[in-house]
Amino acid sequence: MSEIDNNYTSFINNLPFDIVTNIFKFLNQHDCLTLMSCCRLFLKQIPQYTVNIWKTIRLSKNNNSNMLMDIDDSLCFARCLGSHVKNIEFRNFDIDRDVYTMMQLLFDWGCIKVESLVYTRCATVNQEAFFQKLRLFGAGSSSTLTHISMMEHESNVSLFYVLTTCSQLTHLTYYPTHAAWRKYGIYTIEPTVNDIDDDDEKQKPIRTTTHHVFNHLIYLHIDAEMDRRLRLEYILKKCPNLQYLICASAQSCELAPDSIQLDNLKKWCPKLVYFAGDGSYRYHDDAIPLMSTHDEDEIMKITNAGNRDKSDDDDDDDEEEDKKYQQSISSTFYHLSVCEHQGFDQIAQHLQQYQHQVAFLRLVKPIFHRDSRDWSSVFQSLNLSRLQTLICDRIDFSDVGSLVALLNTSATAIQTLDIDIRVLGLHSVHLTMNQTTIDSLHVLKSLHTLRLCGFSFINSNEDDSNRNRSSITSLLKRIPHLNNLTLQESLVTFSDAIGSMGFECLKNLNHLELTDVKWPDRNYNNVSTRQQNNNDDYGNNDNNTGDGTVILPDLFQSLILLQGNNSYLKLETIRLIRIPKMTNELLYSIAHIPSLKVLQVIPEHSYPLFIQQYRNINNGDDANGDQQQDAILLHFLNLLKEATKTKELTLHHIGCKISNSAFNVLGGFPELKKLDIMLVGKTTGTPPLPIDIGGILDLVDNSRILESIIIHNAANVNGPPGGLLERIFQERSIPWFTVTSANRHSTKMATAQSSKSDDNNDNSQYLYIDDCIITRI
């Protein structure tokens, strides 16, 4: 043992400090604790070489690698802690006294310079005990605690007292779990908190006096069903330096729709530059990364734009001008996300006031808000020269020309455009963007992301040469650097664009999504969606150039030819959802795109995949038709495997049986990680064809990187497919996959004998159907 100790001494003491530190930086915290338990020398010396590893510690009640709960290893853990610990995160502490115990231990172990505390899915029911421990880290002017986040929190919290307790706090985030919302209801009143005097142990009620001012707070994210006036506004009135405010997601706004008046908000927080509130973003995490990276950089850009080179002679003359300029910068609304129910007039007034500074604008009409105003006049009057992102969600504007006028003012700056004009329950209403309107649009050189929902690109009012043609091609010509294109619930076709454009403007496309996009038949007198086929068999009209065609194989073939040697093709994601007439030739053309990584194809119910071209052509010979359909599917999968880099594949409404050969091909995809397929029957209303259980097993055996397999409407006559696969996996000892089932049901499948027998003679057998979800552990 002495020889081993000498070797350890030679290793640690004979190398320079920076080299030893560099060696230990490749270890994680668990490795450090393991090494420290080897010998006394490591227990004593390793902590001084691993200070950087312990700047952030994450404590989870369900994490066995956390040695804080293990008394035998608490000595090793404690020796690694100290004033160098800056960030502490607590996870899944559903019993609040466990949180308080950990906070006290960490402070006792020297964590007295903590800068950030994060509570994720934790409970702090006992407010007195919580704030007593919080004062250990945040009380006093010398405190280093600046960030507190309570995410998916299990308890109501006195937010005002958090700010009064932690006087140096700059960032505060709080949003409870949905379960807490249901349990506690609307957070109208601050929870009762008593101040514990350490001297006499007497509890005294807190008096929220008016002298409290939170000068250091610059970021506030509160997303809860609270009374804005009684809780949130009371805090905002005391935050003169607040710059970022995120106060509600769409869900919490719908449950508590009272709003903050923009006039008052700017009066209370004159330095506010970022406001996302009252349903103006969908999820909690949408706004947080945007604030922490993009927005702070943008503020620096705006601020630096005012730094002008000046000579010594005019320094004094420009001092007053610079002061005014900096004041204007500090009061700029450069990110504004608001709901219409906050007041049409107020929003319009603020847009007019800050139109030359706004870089991000999102206007939302919440679902619960029935009254609406026409924004056309506001759009016509604005000059948003710095606008980079424009999002309109269910906002009404009758004149599409007003949108074009607004885009023309920001033609050199706009990067993202997302317009959704759908009205709840009125999905057949479309806003027409014809050729005349598009001709007035400037070239948008910086636009890289475009999403339009609820638009019609039919030139119904044009001359005979352009009538019933799509104006989408002219629009795309004005977006030369488009990367992401999404069209949803719109009337548009690409089938008439081959000669006029050659698809050259799509050469930079990385993402293409078409969802519920239609093109009306010429013999229809309106622009409503074509009716589905009412026959028993699926529709078999597969004429590529026929009326109603949205997209042709030529689109993807032209993109491939346009790139020459294919080395510069950028298209990685294609999503075609409920698009009419998605032919086999279209699928073959997609399968030749070498850059393809994500493919999602979900056809209309009337046009299932790999079946429509071969119905009614075999004189009733179903066996021959099934073989041909299987050959089509195999051909498509082989093309996709050989030519692309597919990582995610979704194929729904497959109208043929997936054979063992098809599963073998899928197992040979070199990069496929996610597979999602859905099976349908041969005819409308019939159950899907039975799945090949052996083929699924071969797929699992052949693929080494496949992470998940989802098979909707998997059917089998021997039992539920999910249960069969689970039993086989156990028998074959395949522990790296787990099988779950959903939507399990059964139906009777008539046999050949039963179809000829009397109705009273039931010779049918059951067909078991469920959704199989196979996941790699």
Count the heavy atoms of every other residue, nucleotide or ligand shown that sit under 6.0 Å from NZ of K86, and state whether that count exceeds 12.
yes

Non-hydrogen side-chain atoms of F360 and I391 separated by less than 4.5 Å
yes

Atom CG of L169 and atom NE2 of H216: how far apart are they, to the nearest 0.5 Å?
10.0 Å

Check the orientation of H335 and Y274. Use parallel for under 30°, tilted for 30 to 60°, and perpendicular for over 60°.
parallel

Could you walk me through whether Y354 and L336 pass the side-chain contact (heavy atoms from CB on, under 4.5 Å) test, one step at a time?
CA-CA 10 Å; Y354 302 106; L336 185 60; over 6 Å; no

List the atom of R575, the atom of V598, and the distance in Å for their closest heavy-atom pair.
NH2-CG1, 3.8 Å

Kindly compute the distance separating OG1 (T389) from CD1 (I414), expressed to the nearest 0.5 Å.
6.0 Å

For the residue pair L163 and I235, establish whether any side-chain heavy-atom pair is separated by less than 4.5 Å.
yes

T493 side chain to V550 main-chain N or O, any donor-acceptor pair under 3.5 Å?
yes

Looking just at side-chain N and O atoms, do E513 and T515 make a donor-acceptor pair shorter than 3.5 Å?
yes

Closest non-hydrogen atom pair between I593 and I574, with its separation:
CD1-CD1, 3.7 Å

Checking salt bridge (charged side-chain N to carboxylate O under 4.0 Å, His left out) for the pair D420/K365: CA distance, chi angles, key distance, verdict?
CA-CA 11 Å; D420 187 343; K365 183 174 74 175; over 6 Å; no

Could you please spell out the steps behind the ring-ring contact (aromatic ring centres under 6.0 Å, His included) verdict for Y175 and H221?
CA-CA 8 Å; Y175 57 83; H221 178 188; 5.6 Å; yes

I want to check something: taking the side chain as every heavy atom from C-beta on, are V358 and R386 in contact at a cut-off of under 4.5 Å?
no

Could you verify whether a donor N or O on one side chain and an acceptor N or O on the other, from D676 and H652, lie under 3.5 Å apart?
yes

If you measure from CG on D418 to CG on L390, what distance do you get to the nearest 0.5 Å?
8.5 Å

Closest heavy-atom pair, H171 versus L217, reported as atoms and distance to 0.1 Å, is N-CD1, 4.0 Å

Looking at side-chain heavy atoms only, is the closest gap between L117 and H147 below 4.5 Å?
no

Between D374 and S376, a side-chain donor and acceptor under 3.5 Å:
yes

Can a donor-acceptor pair be found between the side chains of D345 and Q349 at a distance below 3.5 Å?
no

So, does Q346 use its side chain to make a donor-acceptor pair with the main chain of L262 at under 3.5 Å?
yes

Verdict with supporting geometry, L361 and L363, side-chain contact (heavy atoms from CB on, under 4.5 Å)
CA-CA 7 Å; L361 175 60; L363 302 174; 3.8 Å; yes

Determine the minimum heavy-atom distance between L447 and L417, stating which atoms define it.
CD1-N, 3.8 Å

side-chain contact (heavy atoms from CB on, under 4.5 Å) between H356 and N383: does it pass, once the steps are laid out?
CA-CA 7 Å; H356 297 295; N383 182 10; 3.7 Å; yes

Quiz item: cation-pi between K237 and Y234, 6.0 Å / 45°:
no

Examine distances only and state if a side-chain atom of R362 and a backbone atom of V338 form a donor-acceptor pair shorter than 3.5 Å.
no

Please list all pairs meeting ring-ring contact (aromatic ring centres under 6.0 Å, His included) that have one or both residues in residues 390-411, counting only residues at least two apart or in different chains.
F379-F397

With sequence neighbours excluded, tell me which residues meet side chain to side chain donor-acceptor pair (under 3.5 Å) with S595.
none

Taking atom CG of L475 and atom CD1 of I438, what is their separation to the nearest 0.5 Å?
5.0 Å

When rounded to the nearest 0.5 angstrom, what distance separates CG in L599 from CD1 in I590?
6.0 Å

Residues E89, R58: salt bridge by 4.0 Å N-O rule
yes

So, S471 side chain and M433 main chain: donor-acceptor pair closer than 3.5 Å or not?
yes

Side chains of P240 and N215: closer than 4.5 Å at any heavy-atom pair?
yes

Passes ring-ring contact (aromatic ring centres under 6.0 Å, His included), Y334 versus F275? Steps please.
CA-CA 9 Å; Y334 84 96; F275 177 59; over 10 Å; no

Short side-chain to backbone donor-acceptor contact, D516 and Q488, under 3.5 Å:
no

Side chain T650, main chain Q600, donor-acceptor under 3.5 Å
no

Between the side chain of T170 and the main-chain N/O of T146, is any donor-acceptor distance below 3.5 Å?
yes

For the pair K645 and E671, find out whether any cationic side-chain nitrogen is under 4.0 Å from an anionic carboxylate oxygen.
no

Can a side-chain donor-acceptor contact be found between E340 and W375 if the only test is distance below 3.5 angstrom?
yes

C239 and C269 have their tightest heavy-atom pair at O-SG, 3.5 Å

So I395 and D393, side-chain contact (heavy atoms from CB on, under 4.5 Å) or not? Walk me through it.
CA-CA 5 Å; I395 291 297; D393 197 352; 5.8 Å; no

For residues 401-413, which side-chain donor-acceptor pairs fall under 3.5 Å, sequence neighbours excluded?
unit_1 : atom_1 : unit_2 : atom_2 : d
S402   : OG     : D399   : O      : 2.5
N408   : OD1    : H442   : N      : 2.8
N408   : ND2    : V404   : O      : 3.3
N408   : ND2    : S440   : O      : 3.1
T409   : OG1    : L384   : N      : 3.3
T409   : OG1    : L406   : O      : 2.6
S410   : OG     : L407   : O      : 3.4

One thing to verify: whether E604 and K518 come together as a salt bridge, which I'm taking to mean a side-chain N less than 4.0 angstrom from a carboxylate O.
yes

Verify whether one side chain among Q352 and S381 offers a donor that lies under 3.5 Å from an acceptor in the other.
yes

Test Q415 against S446 for side-chain hydrogen bond (donor to acceptor under 3.5 Å, both in side chains), laying out the working first.
CA-CA 5 Å; Q415 299 177 9; S446 301; 5.8 Å; no

Over all heavy atoms of both residues, which pair between I218 and N241 is shortest? Give the atoms and the distance, please.
CG2-O, 3.7 Å

Is any side-chain heavy atom of V400 closer than 4.5 Å to one of F455?
yes

Between the CH2 atom in W268 and the CD atom in E233, the distance rounded to the nearest 0.5 Å is 3.5 Å

Strictly by modelled atom types, are N510 and K570 linked by a side-chain donor-acceptor pair under 3.5 Å?
no

For the aromatic rings, using the six-membered ring if either is Trp, is the centroid distance between Y174 and Y119 under 6.0 Å?
no

